[in-house]
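We count ligands from 1, going down the list as the structure has it; atoms in each ligand are counted the same way. We use all heavy atoms of the structure for the numbers below, so side chains are in, but hydrogens, waters and symmetry mates are not.
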Amino acid sequence: MRRLDKIYLGTNTKMYKSIADTVEFLKRLDDLTADISRNLLELFVIPSYTALDQARRTVKEEYIKLGAQNMCWEDEGQFTGEISPLMLKEIGINIIEIGHSERRHIMGETDEIEKKKVSAALRHGFTPLLCIGETLEQKNYKISDEILKIQLKVGLNEVTEQEAKSIWIAYEPVWAIGVNGIPADEGYANEKHGIIKDTLIAMFGKDIGSDIPVLYGGSVNPQNAEPLIKEENIDGLFIGRSAWQADNFYKIIQSVLPLFKEKRKIF
Ligand code: 13P
């Protein structure tokens, strides 16, 4: 089965939900989505560190994969305030979100740092979810494609073809994210996903490169989720605000699933 025969739908809860909020959210999401075949849907939630342990006890990974919002590249050492891959492994999480725009632009992370985190995540058997995207300034200079290629070529520099089989990418234009974000229109997002896919194919070959899921994120909402998912190059959605209520997230899931099946001709 190709990896892209599934739709990838997930949320990053950023620094919003407490442990209790996360558990309540996951229980509700788990109940609502229990009947959806996981052959068709890869559902994931990326809560705050403090909620991860309880989150893992709340839902089974066959139904909802869990991720960490960040991770140190070293296993142990003098890294005050950092969380090691071994600590995350102990909890039993699946995904490591790497290079979210808030990590790059508020915390000052660079492509070289993301590269080390991608390699560490792979070494420990996690799925790295590498987030990339251009700023508004870069978009205005018309260098978005170059920026995306640099972020991929540096971030995935040490990844082998074999390892590339477990990578996910999220395209999250910086200008589209958060309360002040303007969502990318579906045509623009599809075009950039095309650039990302071409770059992945150039790096890992046609078979492996074209099978890497590329998710769109940045002000996804109940209105734009459908047109986005109809686009050929958009394999899933990485949602913030519009998914933080389980019932709202479920409505988006329900609305895009049939469109995804139609697109991939799955009956
Ligand atoms: P919003 O959907 O709230 O813009 O956030 C997207 C995001 O940052 C997902 O990682």
Side-chain angles (χ1 to χ4, degrees), residues 7-17 21-22 25-26 29 42-49 51-52 55 64-71 93-109 114 117-118 121 126-136 138-139 144 147-148 151-152 155 167-186 188-189 192-193 196 213-229 231 234-253 255-256:
I7 185 171
Y8 294 73
L9 298 173
T11 183
N12 158 22
T13 68
K14 307 195 181 186
M15 199 176 71
Y16 283 101
K17 288 188 186 292
D21 294 340
T22 303
F25 170 76
L26 282 170
L29 187 63
E42 191 73 89
L43 183 60
F44 65 97
V45 174
I46 307 194
S48 293
Y49 277 136
L52 280 176
I64 302 182
K65 292 219 163 62
L66 292 174
Q69 295 176 13
N70 182 28
M71 183 189 76
I93 64 148
N94 316 99
I95 300 159
I96 311 293
E97 181 179 357
I98 296 168
H100 186 276
S101 92
E102 290 147 20
R103 302 283 332 155
R104 291 176 187 265
H105 298 286
I106 304 173
M107 307 301 169
E109 292 187 11
E114 315 313 359
K117 294 184 180 190
V118 167
F126 296 115
T127 297
L129 170 54
L130 179 66
C131 304
I132 60 172
E134 79 281 9
T135 63
L136 185 59
Q138 291 163 338
K139 179 173 181 269
S144 304
I147 296 295
L148 296 176
Q151 290 176 337
L152 289 170
I167 295 250
W168 301 356
I169 303 294
Y171 170 56
E172 302 205 306
V174 179
W175 46 271
I177 298 175
V179 278
N180 299 317
I182 305 154
D185 71 56
E186 65 273 15
Y188 184 88
K192 296 304 165 217
H193 279 230
I196 293 168
V214 184
L215 290 62
Y216 172 79
S219 296
V220 172
N221 59 43
Q223 288 72 44
N224 65 16
E226 294 185 20
L228 282 165
I229 219 65
E231 295 291 335
I234 300 181
D235 306 314
L237 301 171
F238 191 22
I239 314 172
R241 289 154 295 153
S242 296
W244 293 341
Q245 300 287 333
D247 289 78
N248 292 347
F249 191 9
Y250 178 56
K251 279 187 202 142
I252 294 181
I253 298 171
S255 76
V256 296

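- Judged purely by atom type and a 3.5 angstrom limit, Ser242 uses its side chain to pair as donor or acceptor with the backbone of Val220.
- Of all atoms in ligand 1, numbered sequentially from 1 with element shown, those under 4.0 Å from a heavy atom of Phe238 are 9 (C), 10 (O).
- Put simply, the residue from Asp21, Thr13, Ile239 that forms a side-chain contact (heavy atoms from CB on, under 4.5 Å) with Trp244 is Thr13.
- Between Gly240 and ligand 1, an N or O atom pair is found at a separation short of 3.5 Å.
- To the nearest 0.5 Å, the span separating CD on Glu231 from CG on Asp185 amounts to 8.5 Å.
- Cation-pi contact between Lys192 and Tyr188: present, with separation from the ring centre below 6.0 Å and deviation from the ring axis of at most 45°.
- Atom numbering of ligand 1 starts at 1 in the shown order; those under 4.0 Å from a heavy atom of Asn12 are 10 (O).
- Here is the list of ligand 1 atoms found below 4.0 Å of a heavy atom in His100: 7 (C), 8 (O), 9 (C), 10 (O).
- Among the atoms of Gly178, some N or O lies under 3.5 angstrom from an N or O of ligand 1.
- Among all protein heavy atoms, the one lying closest to atom 7 (C) of ligand 1 is Glu172 OE2, 3.5 Å.
- Proximity of Ile177 to ligand 1, defined as any heavy-atom pair under 4.0 Å, is shared by backbone and side chain alike.
- A distance of 10.0 Å separates CD1 of Ile96 from CG of Leu129, quoted to the nearest 0.5 Å.
- Ligand 1 has a nitrogen or oxygen under 3.5 angstrom from a nitrogen or oxygen of Arg241.
- Among all non-hydrogen protein atoms, the one lying nearest atom 5 (O) of ligand 1 is Lys14 NZ, 3.3 Å.
- Considering backbone and side-chain atoms alike, Trp244 places every N or O at 3.5 Å or more from each N or O of ligand 1.
- Remark: ligand 1 atoms within the under-4.0 Å shell around heavy atoms of Ser219 are 1 (P), 2 (O), 4 (O).
- A salt bridge does not link Glu114 to Arg103: none of the charged side-chain nitrogens sits closer than 4.0 Å to a carboxylate oxygen.
- Checked against Phe238 for a side-chain contact (heavy atoms from CB on, under 4.5 Å), the options Trp168, Tyr216, Phe44 give a single hit: Phe44.
- Between Glu42 atom CD and Asp235 atom CG the span is 12.5 Å, to the nearest 0.5 Å.
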